[in-house]
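Computation of the quantities below employed the complete heavy-atom set of this structure, encompassing side-chain atoms and omitting hydrogens, waters and symmetry-equivalent molecules. What you see is a predicted model; the values in this text were computed from it and never measured. When a ligand or atom number is given, it counts from 1 through the structure's own listing order.
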Amino acid sequence: MSLFLIGIYSNCLALPHSINKEPDFVYLFSYSTTKNNNHNGLHFAWSTDKKNWFLIGNEYSFVRCDYGRWGKEKRMLTPFMFLDGSGVWHCLWSVNEYDHAFAHVSSPDLVYWGRQSYPLLDKELTFKDPIVEHDGKIYTIKFKGKENQYFEVKTRDFKVYSEAKQIEASQYRSANVTLSLESGTFTGQVHRVRWSVAEKLIQKTEVANYRAILHDERTQQDVQRFAGLQPVSASFTVHADAVKPISNLLLGVFFEDINYAADGGLYAELIQNRDFEYTPSDREYRDTTWNSKHSWRLQGTNATFSVDTIDPIHSNNSHYATLTTTNGNASLINTGFDGIAVKNGEKFNLSLFVKRLKGSVKSVSVSLVTRNGKEIARGVIPVASASWKNIKTVLTATDSASGAQLAIRPLSAGSLAVDMVSLFPQQTFKGRRNGLRNDLAQTIADIHPKFIRFPGGCVAHGDGIENIYRWKNTVGPLESRKPQRNLWGYHQTAGLGYFEYFQYCEDIGAVPLPVLAAGVPCQNSGTGGAGQQGGVPLDQMDEYIQDIFDLVEYANGSAKSRWGKLRADAGHPQPFNLKYIGIGNEDLISDVFEERFKLIFKAMKEKHPEMVVIGTVGPTFEGTDYTEGWKIADALQVPVVDEHYYQSPGWFIHNQEYYDKYDRSKSKVYLGEYASHLPGRPNNVETALSEALYLTSLERNGDVVTMSSYAPLLAKDGRTQWNPNLIYFDNKEVKPTVGYYVQKMFGQNAGDQYLPVSTVLSNNEDGVKKRIAISIVRDSKSNDLIVKLVNMLPVNVNAQVDLTGLVPPRSAVKKIVLQGDPVDKHAKPQESSITITDKSTLALGPYSVTVIRLASDRK
Ligand code: AHR
């Protein structure tokens with residue numbers, strides 16, 4: 001075709017455009033509101049005549065500020081948006097009324113917005129009402145500071161800025177306009193854009209609205225949604241010839257010290273604040289009772305209890321108690337973590353550091369006492385020295401109590417110092433010293449997790465640089481470990497440290513997966529410089545990276561190596577076989593992050609090519625951090641990236657194909673945190689079944705999703721910062737959730753080979769199709785075949801699974817069914833034995849998940 005003809009032809013194709021009534025250009029108004037305390041971000045409205053304005057998506061947020069803490073921060077005030085000479089849109093705004101920082105972000109099309117940055121100004125300056133002027137080379141950002149003073153900073157690239165300089169008020173000429181829209185009167189900027197630009201914005205909001213409707217689907221609407229729905233017949237054909245290998249690490253657990261999961265939880269220590277290191281800063285000075293005396297009190301007469309720092313056992317553990325009695329009639333009491341649960345006959349290891357200060361105290365009684373004052377266990381320990389001595393004894397309970405306390409009573413007058421007061425049940429998990437609570441550790445082990453990710457979550461990257469979790473602070477003798485503030489609002493003793501994590505992994509046959517900060521703290525940090533802008537200074541990154549190398553040596557090095565020796569000294573000369581390391585936790589993907597992540601990744605690749613580094617792609621399944629994180633992963637060929645998303649059951653129902661479309665040549669995925677969230681955050685049959693549906697899709701995509709872990713794992717009743725969790729507990733009891741049982745059903749019935757299945761349903765409505773799922777895997781070790789079936793419909797599904805050639809005729813098999821009303825929080829799986837033939841029909845009850853394990857005769 002000649003060029004001339006192509007021209008005519010394409011003009012013809014373009015004809016509908018030339019005769020349509022849409023404008024070529026429209027006006028676009030960019031603005032934010034003060035609604036929701038300025039949390040709603042950047043909005044748009046359009047107009048053809050600057051008089052009649054139409055909201056785009058009814059105040060849809062095209063950009064939300066990600067600066068600082070949730071709640072108080074993440075605000076957008078006085079945004080200024082403009083188009084630069086090369087067609088890139090920029091937006092600058094004030095992040096709050098007090099910080100000496102502002103925000104910048106840019107976009108090629110107003111739909112996708114890139115990385116946010118939060119440049120810092122001089123300490124005394126604040127920032128509002130920016131305007132930007134451009135002379136072709138340099139951007140001049142003019143803004144109002146305090147008391148209506150005006151300033152400017154200059155930049156060529158929105159990365160490097162000049163110092164702020166004060167200017168005359170007359171030099172600040174605002175082009176802002178104030179418009180009355182249907183939703184209120186707002187100030188912003190008016191731009192002239194092609195209609196297609198506005199149209200894309202409108203489309204974006206329409207897609208978002210449509211998705212929101214799907215994602216809001218709840219089982220409580222099922223009565224209407226599925227009114228008249230008859231039982232569905234499903235016929236499943238297995239394609240045994242198309243088996244594909246899938247990850248044998250697919251299902252693991254993610255442990256984070258949140259909700260008192262560690263101290264007061266999995267870590268079996270029964271004494272709270274054993275080291276007198278609680279400090280008001282742990283709770284950001286909001287709790288007047290939270291100090292070095294927390295959980296301790298003096299009982300009796302003629303005695304004093306104070307906390308000293310003059311001559312501590314170790315500089316990392318600088319506080320200790322001094323107890324002075326004049327008549328031997330007073331005790332120092334520890335109330336434990338909401339009391340100490342004691343069973344009659346139970347034995348406890350008690351250990352404390354003690355030294356005589358004044359007088360002649362020769363011995364001390366240590367006892368467990370009930371709330372009513374009954375002594376139910378007692379020992380006497382000597383105080384033999386004026387220097388610190390570690391004394392140990394065993395207490396045996398003569399009765400049971402749920403809220404016992406520990407009492408330390410000097411048996412004569414005098415003054416002594418006490419520290420590191422520790423009480424462990426003798427029966428820890430696998431009988432480990434400094435071990436884990438048996439019932440909790442076993443409940444986790446029962447999932448058969450293939451790996452454990454630790455120590456967080458946000459705990460790993462911390463609230464500000466100083467709060468980044470440093471593994472070296474958590475190993476070695478307990479008294480030398482460095483406790484620290486837990487960003488979830490309490491205290492971490494570090495008693496459950498890297499050694500204990502590695503050991504637990506080994507004890508349950510799980511692969512260890514430590515996660516270290518990527519040299520940046522949590523983007524939601526509120527201390528030490530807001531957000532993650534305060535990354536580890538670049539001149540300290542070598543040292544930071546060396547710490548990571550040292551961790552590899554600690555885990556894998558010979559017992560003679562510097563760090564391997566520390567492991568050996570702790571009782572583990574053999575390596576822990578560390579293979580995976582996570583770098584970063586759902587970070588804000590900023591330039592600050594990228595610079596540090598790259599340094600770590602490249603250094604690790606060079607020094608430890610045998611290690612698999614897992615990168616991070618932000619806190620959700622889409623958006624800027626996800627896109628930018630994946631760009632970094634692509635560019636660096638990061639082997640695995642860690643994805644996180646907490647979504648509604650509707651999201652999980654409607655996104656089962658999420659990984660079907662992943663490019664198999666790119667990084668693999670570790671779905672490191674996910675959970676189905678309903679309003680009120682229950683963990684019930686509805687959330688658990690939506691997770692079960694999704695888990696079948698993870699198995700189907702087990703070639704690209706190599707690992708997954710629900711989050712969070714543990715929560716102590718009455719001490720939760722986050723819901724839902726997988727396992728709740730109190731001092732006496734472990735309370736697994738419905739979601740836990742789903743994880744267990746999948747974890748205990750994992751496979752490493754996936755057998756594709758084709759499905760024919762008697763009802764092909766989308767809502768029906770998406771609520772029925774099947775996954776068939778084989779475990780090559782046992783050669784067992786496992787069929788998992790999920791029915792999230794309110795009616796029976798009669799499932800015919802054609803297993804011809806896969807099972808010996810009339811095999812007796814184990815069937816596990818978890819079923820319940822969607823709001824049921826207590827449903828438990830029921831096991832039975834059934835006989836199955838090549839073409840058995842299985843009745844899948846409403847709202848159920850079924851696992852059938854066909855044991856192979858060839859083991
Ligand atoms: O799982 C709880 C928290 O959720 C994690 O600490 C964090 O990574 C995520 O935001």
Of Phe621, Trp722, Phe652, which is the lone residue that meets ring pair (Phe, Tyr, Trp, His ring centres under 6.0 Å) with Tyr646? Trp722

For atom 10 (O) of ligand 1, which protein heavy atom lies nearest, and how many Å away is it? Glu586 OE2, 2.6 Å

Nearest non-hydrogen protein atom, atom 1 (O) of ligand 1: Tyr646 OH, 2.7 Å

For ligand 1, note which part of Val459 has a heavy atom under 4.0 Å away: side chain, backbone, both or neither. neither

Classify the contact between Trp70 and ligand 1 as side chain, backbone, both or neither, using a heavy-atom distance cut-off of under 4.0 Å. neither

I'd like to know if the side chain of Asn524 pairs up with that of Lys74 as donor and acceptor (distance under 3.5 Å, no hydrogens or angles considered). yes

Would you say that more than 12 heavy atoms from the other residues, nucleotides or ligands in this model lie under 6.0 Å from the CZ of Arg681, or not? yes

Pick from Asp730, Asn731, Asn259: which one makes a side-chain hydrogen bond (donor to acceptor under 3.5 Å, both in side chains) with Lys716? Asn731

Please say whether [X] places an N or O atom under 3.5 Å from an N or O atom belonging to ligand 1.
X	answer
Trp488	no
Glu673	yes
Glu256	yes

side-chain hydrogen bond (donor to acceptor under 3.5 Å, both in side chains) evaluation trace for Tyr118 with Asp99: CA-CA 11 Å; Tyr118 312 110; Asp99 277 355; over 6 Å; no

One thing to verify: whether Glu673 and Arg453 come together as a salt bridge, which I'm taking to mean a side-chain N less than 4.0 angstrom from a carboxylate O. yes

Give a yes/no verdict on whether any heavy atom in Pro619 is under 4.0 Å from an atom of ligand 1. no

Using a 4.0 Å cut-off to any heavy atom of Gly457, which atoms of ligand 1 qualify? 5 (C), 6 (O), 8 (O)

Indicate the atoms forming the closest heavy-atom contact of Thr616 with Glu586, along with that distance. OG1-N, 2.8 Å

